[in-house]
Amino acid sequence: MGLNYEENARIIKGLSDPNRLKIIDILSCKEMCACDILEYFDFTQPTLSHHMKVLMECGVVKSRKEGLWTHYSLNITNCNKLVLFFMNLITDTEDCICKNKSKCDCK
């Protein structure tokens, strides 16, 4: 089975905070600078920086500098890979991990 459990677990762990999920939702609209993202929250800029660092480290968000400003956007390729991972994990009975096991109920 070609599923990369370690890599996807790292990404899922990075997403396991409601504020980071909200950031993903916000960035699904368009690229934004940190100051604009911060308007949606009641926490400080250093807290936002921490969340953005986690999201960038797990590969879901990317950034670009423009002068003094940092602009953030979704890494669509990696987001799509995560969605495909979940789809394959839940629906792929052809390559089911338990297919070679005698007690498998896969059909």
Side-chain angles (χ1 to χ4, degrees):
M1 199 162 173
L3 299 178
N4 187 332
Y5 300 114
E6 293 293 327
E7 180 180 335
N8 285 290
R10 182 179 56 81
I11 295 168
I12 293 165
K13 184 177 179 181
L15 296 175
S16 67
D17 179 281
N19 290 311
R20 291 196 281 271
L21 290 175
K22 186 174 178 181
I23 291 168
I24 297 298
D25 192 15
I26 292 165
L27 292 177
S28 70
C29 300
K30 62 180 179 177
E31 177 184 78
M32 298 181 85
C33 74
C35 58
D36 291 332
I37 297 169
L38 196 56
E39 292 178 13
Y40 291 88
F41 298 96
D42 289 326
F43 51 64
T44 64
Q45 190 278 327
T47 300
L48 177 64
S49 291
H50 167 74
H51 288 305
M52 299 314 293
K53 179 182 176 195
V54 171
L55 290 170
M56 288 189 304
E57 285 176 350
C58 73
V60 175
V61 169
K62 57 187 177 179
S63 66
R64 69 175 182 84
K65 290 288 259 183
E66 187 175 296
L68 298 174
W69 304 104
T70 302
H71 296 268
Y72 297 97
S73 61
L74 292 181
N75 183 331
I76 297 300
T77 300
N78 287 350
C79 290
N80 286 338
K81 286 180 183 179
L82 182 63
V83 170
L84 287 173
F85 168 77
F86 279 120
M87 287 176 58
N88 287 327
L89 188 67
I90 295 167
T91 63
D92 193 2
T93 58
E94 189 65 33
D95 292 325
C96 181
I97 194 169
C98 63
K99 191 158 186 122
N100 295 326
K101 301 291 184 192
S102 60
K103 295 182 181 180
C104 182
D105 291 329
C106 300
K107 297 183 175 33

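Worth knowing before you read on, the calculation uses all heavy atoms, side chains too, and leaves out hydrogens, waters and symmetry mates. All values reported here derive from a predicted model rather than from experimental measurement. In this chain, residues are counted from 1 in sequence order.
Within the 4.5 Å cutoff, the side chain of I37 has heavy atoms near those of the M52 side chain. Counting only heavy atoms from C-beta outward, the side chains of L38 and C35 never approach each other to under 4.5 Å. Using a 4.5 Å heavy-atom threshold, the side chains of V61 and V54 count as separate.
Of the listed residues (I23, D17, N75), just one forms a side chain to side chain contact (heavy atoms under 4.5 Å, CB included) with L55, and that residue is I23.
The minimum heavy-atom distance between G59 and N78, with the atom names listed, is O-ND2, 2.8 Å. The heavy-atom pair separating G14 from R20 by the smallest distance is O-NE, 2.6 Å. In plain terms, the two heavy atoms of V60 and C79 that are nearest each other are CG1-SG, 3.6 Å.
Here the straight-line distance linking atom CG of L15 with atom CZ of R10 works out to 10.5 Å at 0.5 Å rounding. Distance check: W69 CH2 to D36 CG gives 8.5 Å after rounding to the nearest 0.5 Å. Between the CE atom of M32 and the NE2 atom of H71 there is a distance of 11.0 Å, given to the nearest 0.5 Å. The distance from the CG atom of N8 to the CG atom of L89 is 8.5 Å, given to the nearest 0.5 Å. Distance check: C58 SG to L82 CG gives 8.5 Å after rounding to the nearest 0.5 Å. Of the inter-residue distances, the one linking K22 atom NZ with Y40 atom OH reads 9.0 Å to the nearest 0.5 angstrom.
For the ring-ring contact (aromatic ring centres under 6.0 Å, His included) test, residues two or more places apart in sequence or in another chain that qualify with F43 are F41, H51.
Using a 4.0 Å cut-off between charged nitrogen and carboxylate oxygen, E31 and R64 count as a salt-bridge pair.
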